[in-house]
Structure formats: structure tokens, C-alpha cells
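Computation of the quantities below employed the complete heavy-atom set of this structure, encompassing side-chain atoms and omitting hydrogens, waters and symmetry-equivalent molecules.
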Amino acid sequence: MITIGGPSLSLRQEWTLAKCCAPAAHTALALGIALVLSSACALPAQDNDVPPTQTSSRVQIAPASASKVTSKRMAAYPQPGWHVPKAVAFAPDGKLVTYLRSEAGNETMALYAYDFAAAAHRVLVRSSDLVGLHPSLSREEELRRERSRNKLEGVSEYAWAKEANLLVVPLSGDVFARKPDGALVRLTDTEQPELDPKPCPTGERIAFVRGRELFSVEVASGKEVPLTSGAGEGVTHGQSDFVSQEEFDEPSGHWWSPDCDRVAYLEVDERKVDEIPVLGIRAGKEDLMLARYPRVGRPNPVVRLMLVDANGKHKRTIEHGLAGEHYLGRLRFSPDGAALYFQTLSRDQRELRLVRVDLNNGSKTVLIEETSPTWLAYAEMRALEDGARLAWTSAKSGHHHLALHDAQTGTLLSQLTTGPWDVERIVEVGVDTLWFMGNRESVLDRQLYAVALAAPHELTKLTTQAGVHDVRAFRRGHGFVDVHSAVDRLPQADVYGPNGEKRASIPVPLDPDFAQLAVRHPEIIETRAGDQSLLYGALLKPRTLKPRTRYPAVVMVYGGPSVQTVRNAYDPRLLWQHLADRGVVVFQLDNRGSSGRGHTFQSGISGKLGELELQDQLRGLAWLCEQSYVDCARVGIYGHSYGGYMVLTAMLR
């Protein structure tokens with residue numbers, strides 16, 4: 001017998017579950033999704049160590065019509081209650097807060113603005129304002145959106161110049177700009193799509209990728225300048241590669257210098273990367289695509305960092321000087337534009353370096369070097385405006401924390417944060433203050449904090465309500481925009497001034513059918529792992545629990561690194577609602593290996609995937625079986641992606 005902190009499960013029980021449910025494995029392997037919910041997979045009564053069910057009635061799962069949540073509603077996007085503003089930003093002069101929002105309650109976005117002087121919201125740009133558009137997205141743009149999880153239509157993205165009230169609006173593969181006087185101008189009109197347009201800080205030029213090359217266009221004259229040339233089949237200039245986009249959150253491959261006089265960009269050579277066939281549906285028809293995909297043990301793309309001036313001249317390569325295969329990311333210019341910072345990550349993700357390149361003499365300095373026997377990810381880094389210091393996050397302590405380093409040598413100057421909690425991301429850095437998101441109060445929450453850069457590094461929490469806060473825009477001297485919610489509180493979007501005073505709210509409209517759906521929030525529960533680590537779970541019961549009645553259950557699982565599924569945030573969980581409406585208990589647990597709990601908690605699964613995760617999921621199941629209303633002879637498990645792997649692991653081990 002295996003004791004798991006409550007009722008125990010025998011190896012025979014595990015084998016019985018695997019034996020009767022194994023045929024689903026083939027589908028799960030292909031799709032990464034598995035669902036098993038059947039009394040045919042019930043554990044033998046004589047082997048079940050939970051209290052006997054003979055004195056309790058077993059309910060039948062109600063038909064789908066018992067729930068107001070239909071399959072069609074589950075597939076609709078966004079989820080009910082989540083019509084929050086997207087792509088929120090401050091205008092450079094601080095007079096406007098801009099954001100994307102649907103006028104019709106769907107995913108077709110318009111660009112809105114909140115005007116502080118008028119204390120009013122208004123539409124700045126609709127897709128219908130930009131005429132003569134191509135009817136559909138190119139494959140390149142579809143893939144880029146897919147990797148950034150962008151499902152929006154209409155005005156789906158935009159960008160402000162850093163120092164000028166110039167807006168860049170890409171739409172249907174072309175580039176438009178809204179000038180400071182409000183005039184809309186079209187800057188490109190080509191059959192090939194323009195990807196990833198970026199204004200330089202002064203707003204004079206916009207860089208973009210067309211085909212395999214990088215271009216810029218002058219906003220005033222419309223004059224176009226090719227910045228690169230010579231990219232043959234399998235080579236791109238100015239785009240990041242698949243792995244960077246999909247796995248490392250590096251959607252872009254080009255960056256303007258602060259003075260708009262130079263562009264750093266990536267040259268990606270995928271000619272030695274394997275091509276694999278990908279069959280899908282595009283425009284309602286079957287579509288076969290050959291995609292470059294770096295499989296395990298096979299060649300990765302060869303990526304070089306390049307620098308070119310704004311006129312397409314004086315191109316040169318920036319060498320990182322490291323042996324072996326490395327990923328390249330998180331590039332930033334120094335505030336004065338005299339240096340480039342970038343991070344390198346070895347292919348096994350056990351060596352991370354921060355490199356500084358002096359652009360005047362070409363000298364390279366490895367400022368920070370970290371190693372791990374498990375794995376590392378890119379760190380959060382910001383160079384301070386004084387040019388002498390930089391902020392860096394490290395997980396050496398077992399948790400992600402902030403420190404100040406010398407920007408020229410990498411020498412550690414001071415530790416800004418410590419403790420059994422995590423800094424999630426840097427929001428902004430000022431002259432004497434750094435702002436960041438973290439979870440000091442609760443691992444289930446996210447809050448905005450400010451830390452003094454001078455000793456004793458006093459820490460101030462700026463958000464007040466419990467829950468998960470997502471500061472989506474921050475501009476020193478003007479304030480920030482906070483989208484926040486809690487497990488029992490619907491999302492809100494609030495605009496705050498520079499001193500933390502609330503100045504406005506951005507509407508978050510409810511869906512017309514919201515009341516009818518009667519969405520309920522789950523309970524947050526706690527249990528312990530084998531090493532006594534605290535584990536958090538979420539539980540949604542059927543709407544009515546009859547006395548002396550046991551209900552079947554479904555365990556929802558993800559279980560992998562870099563994801564935290566149980567948080568103090570609103571989530572309608574429509575599949576959960578549907579199952580609970582039909583008389584099914586729904587349960588989820590974040591096992592060791594999940595994020596939000598520090599590097600040590602997350603990386604313990606390194607080299608033995610599926611072991612600790614399954615142990616913890618079994619402990620969660622044991623907790624579930626202790627509940628008098630759960631029929632532990634009828635338990636299903638559902639997961640996708642890493643959760644699909646966990647489903648197979650649970651069934652077959």
C-alpha cells in the first residue's frame with residue numbers, strides 16, 4: 001500500500017484504473033487532451049480504502065441540458081466577465097490612457113482613450129476608419145498571433161512612440177499611423193504583409209519586417225528605407241525564431257536605439273532545422289504546412305545579433321563570444337544608447353549570462369553569470385537611467401528576488417528584496433524607486449510594490465485589495481492602470497494617479513447572458529505534499545448536495561512548470577460550471593513543479609518529470625476522497641498540454 005496522507009491507494013487500484021482506461025491514451029498522445037469519466041473505470045469496492053458507500057446513494061450524472069452552460073458557450077471567447085481592456089498604455093504626454101475594447105461585446109476591437117481633461121472615454125480608431133484593407137491575414141501574421149495568443153480582430157494591436165504622441169496601428173498586414181493632431185495616415189500598401197511595426201522613440205520612423213527583410217519608413221514623408229538585404233530561403237532579418245516566440249516570450253526580433261539612429265536585430269538561419277508537416281484548417285479548408293521545428297537533439301536555428309544604422313548602412317555583427325549552442329534574448333539598449341545588454345541561455349538552460357557590449361569599441365563584458373543543476377529562465381533586467389546601475393532578478397535563494405548591480409562590471413551593489421516569496425516582474429524603474437509585481441502577502445495573490453533603491457530598501461504595497469492585480473500600464477509622474485479581480489470578485493480596471501489616488505475606471509461590461517449562466521466561484525482548499533509543502537487546490541461542488549449522497553468527481557490537472565492554476569483571481573471555468581451543474585464534483589491542485597512558489601518548489605521535478613507531480617495529485621485525490629459527498633469509485637481526470645501528459649501518467653503508472 002502507498003500512504004498518501006489520508007486514504008491510501010493500492011498499486012492494484014492504480015493498475016485497474018490504467019487497465020480499463022488505457023485505450024484513451026492513443027488519443028491523449030495525439031491531442032495532448034484526455035478525459036475519462038465512466039463508471040466502467042470504477043475501482044473495485046473491496047480495494048477502496050475510503051468509507052464504504054453501501055449506505056450512501058450514488059447519483060447519476062444529469063444530462064447536458066441540466067446546465068445553462070452549453071458547449072457553444074464554453075467555446076466562445078472571451079469568457080464571461082472578462083471583457084477587460086486590452087493593450088493598455090499611457091500616451092507619452094500623460095493626457096490619455098489608451099486601450100482596446102469591443103464596441104459590440106465580441107472580439108472585434110476598437111482603440112479607445114480615456115481623456116483626463118474631459119474625464120471621458122472615446123473611440124480613437126476603428127478598423128472601419130482604415131480603408132482599402134486586404135481581406136484576410138497572411139499566414140505569417142496568423143502564426144505570429146498564434147504564438148502570442150492574440151485572438152483579437154479589428155484593431156488588434158497598436159504602439160505609442162516613447163517620446164512623441166504618435167500612434168502606430170497595424171491592420172490587415174499594412175501600417176497606419178495616427179499623428180499628434182489626430183490625422184490618420186497610411187504608410188504601406190503592399191501585397192506582402194508588414195509584421196511587427198515599431199516606432200522609434202521620437203516617432204520619426206517606424207521599423208517593420210516584410211518578407212524576410214527589415215525596413216523603416218519615415219512618418220513625415222512616407223519614404224521607405226530597406227535596412228537589411230540578402231536573406232535567402234530559410235533566413236530572416238528582424239524576426240525571432242519559433243522557440244523564442246512560443247516558449248521564451250520573445251515575440252520581436254528588432255529594437256530601436258534611444259536616439260532613433262540605429263536598429264539592433266536578429267538574423268535567424270533555420271536552414272538546418274528540420275521541417276515537419278503540420279495539417280490544420282485555414283479559411284475553412286484543409287491546410288498542409290511545412291514548419292521549421294527544432295526537435296530534441298536536432299539542430300536549433302543559428303541566431304546572430306546584428307546592428308545597422310537608420311539608413312541601412314554600417315551593418316555589423318555583435319558576437320556573444322560563447323562556445324556551444326545558446327538562446328539569445330531580452331535585448332535592451334542602455335539609456336544613453338552607448339551599449340547593448342542581452343541575455344544568453346545555454347541550450348540545456350543551466351547557464352544564464354547577462355552580456356554588455358560597448359557599441360563604441362565593441363568590447364564585451366559578461367556582467368552576471370548564473371548556473372543551476374536544474375534549469376534557469378531569462379531574468380528580469382532593467383538598466384537605470386543614471387547608466388551606472390541595473391536591476392536584476394535572481395533565483396539563487398530559491399525565490400526570485402531583486403538586486404542592484406554595477407552596470408559596467410556586474411558587481412553586486414545591494415539586495416533589494418528577500419524572503420519566502422517571489423518578485424514576478426519589474427514594472428518600472430525610477431531615479432530612487434523600483435516598482436514590481438510580487439506575491440509577498442500570499443502566493444495566491446499578485447500585488448504592486450515599490451522598493452526604495454537606497455538603503456534600507458523600504459518596501460511599500462501600492463495595491464490595496466486582496467486578489468490578483470495586473471498593472472498593465474505604468475508611467476512615472478502620471479500613474480498606473482490596474483486590472484484586478486479575486487476568486488469571488490469580478491474583474492475591474494482602475495486608473496490611478498502618480499500618488500496612488502484613483503482617478504477613473506475603465507468599463508468592464510458584463511455579458512448579456514451572465515446572470516443566466518449563474519457562474520459560481522470555487523473554494524480554495526489546502527493540503528500537504530509528502531515533504532509537508534503546503535499545496536493549494538480549488539473545489540467546485542454541485543449546486544445542491546443531498547444528504548448521504550456521493551457524487552462522481554473530475555480532477556482537472558495541468559501540473560507543469562511556469563503555470564499556476566490555483567490563484568485568488570476570477571475565472572468563470574465554464575467547463576467546471578457545466579460539470580457541477582450535472583452533479584459532478586470538480587477539483588484542481590497545484591502540485592510541486594508549478595509556479596508562484598519559488599524556483600526550489602518549481603524545479604524539484606527536474607530530471608524526473610511525472611514523479612513528484614503524480615505523488616501530489618494522489619495526495620489531492622486522497623483529500624478529495626475524505627469528503628463525505630465524493631464517490632471515490634467514480635473519478636475522472638482531464639488535462640491538456642502538460643496536463644495531457646499528467647493524465648497519461650496518472651492512468652498508466
Side-chain angles (χ1 to χ4, degrees), residues 67-70 72-88 97 99-110 112 114 121 149 151-152 424 437 439 441-448 461-473 479-496 500-525 536-543 556 563-581 586 588 590 596:
S67 177
K68 299 289 187 181
V69 180
T70 64
K72 183 177 180 180
R73 190 64 180 91
M74 279 186 266
Y77 188 86
Q79 297 278 280
W82 266 113
H83 291 275
V84 297
K86 300 171 176 62
V88 186
V97 168
Y99 56 94
L100 299 180
R101 177 187 163 194
S102 172
E103 295 182 273
N106 54 27
E107 286 305 286
T108 299
M109 299 288 119
Y112 278 77
Y114 176 76
H121 300 265
R149 309 301 188 261
K151 301 179 181 179
L152 305 180
E424 185 173 77
M437 304 304 299
N439 62 0
E441 272 64 34
S442 168
V443 299
L444 303 181
D445 288 7
R446 296 294 183 273
Q447 304 284 349
L448 174 66
K461 183 167 73 73
L462 300 178
T463 42
T464 57
Q465 293 176 284
V468 171
H469 294 257
D470 183 5
V471 173
R472 299 194 176 188
F480 61 93
V481 180
D482 177 23
V483 176
H484 59 97
S485 71
V487 69
D488 57 354
R489 188 177 76 247
L490 287 167
Q492 298 171 237
D494 297 318
V495 183
Y496 293 88
E501 70 283 10
K502 184 175 176 180
R503 300 187 65 182
S505 291
I506 300 174
V508 181
L510 284 179
D511 308 72
D513 63 348
F514 188 83
Q516 176 184 337
L517 293 173
V519 171
R520 298 177 297 137
H521 65 83
E523 303 172 35
I524 303 296
I525 68 96
Y536 292 95
L539 176 73
L540 187 65
K541 305 172 187 174
R543 290 187 183 274
M556 300 289 185
V563 173
Q564 183 181 15
T565 62
V566 180
R567 303 194 304 167
N568 186 18
Y570 169 78
D571 186 345
R573 296 179 168 92
L574 291 187
L575 177 57
W576 294 35
Q577 306 289 335
H578 177 84
L579 291 172
D581 287 346
V586 186
Q588 187 164 47
D590 276 340

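- Under a 4.0 Å N-O distance rule, the pair Asp581/Arg543 qualifies as a salt bridge.
- Smallest separation of non-hydrogen atoms from Ala486 and Gly467: CB-CA, 4.2 Å.
- Within a 6.0 Å sphere centred on NZ of Lys68, heavy atoms belonging to other residues, nucleotides or ligands number 12 at most.
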Side chain to side chain donor-acceptor pair (under 3.5 Å) between Asn568 and Asp445, intermediate numbers included: CA-CA 6 Å; Asn568 186 18; Asp445 288 7; 3.2 Å; yes
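- Side-chain contact between Pro78 and His83 is present, with at least one heavy-atom pair separated by less than 4.5 Å.
- Here the OG-NE2 distance, from Ser485 to His521, works out to 12.5 Å after rounding to the nearest 0.5 Å.
- Taking every heavy atom of both residues into account, Leu574 and Pro80 meet most closely at CD1-CD, 3.6 Å.
- Going from atom CZ of Arg446 over to atom CE of Met437 covers 8.5 Å, rounded to the nearest 0.5 Å.
- The distance from the CD1 atom of Ile524 to the CG atom of Leu539 is 9.5 Å, given to the nearest 0.5 Å.
- The aromatic ring centres of Tyr112 and His121 sit 6.0 Å or more apart.
- We find the CD1-CD distance between Ile525 and Gln588 to be 11.0 Å, quoted to the nearest 0.5 Å.
- We find the CG-NE2 distance between Leu448 and His484 to be 12.0 Å, quoted to the nearest 0.5 Å.
- Taking a cutoff of 4.0 Å between a charged side-chain nitrogen and a carboxylate oxygen, Arg73 and Asp511 qualify as a salt bridge.
- The distance from atom CH2 of Trp576 to atom CG of Asp571, rounded to the nearest 0.5 Å, is 8.0 Å.
- Taking each heavy atom of Ala104 and Ser102 in turn, the nearest pair found is N-OG, 3.1 Å.
- Formation of a donor-acceptor pair under 3.5 Å by the Gln447 side chain with backbone atoms of Gln465 is found in this model.
- Ring planes of Tyr496 and Phe480: parallel class, angle under 30° (limits at 30 and 60°).
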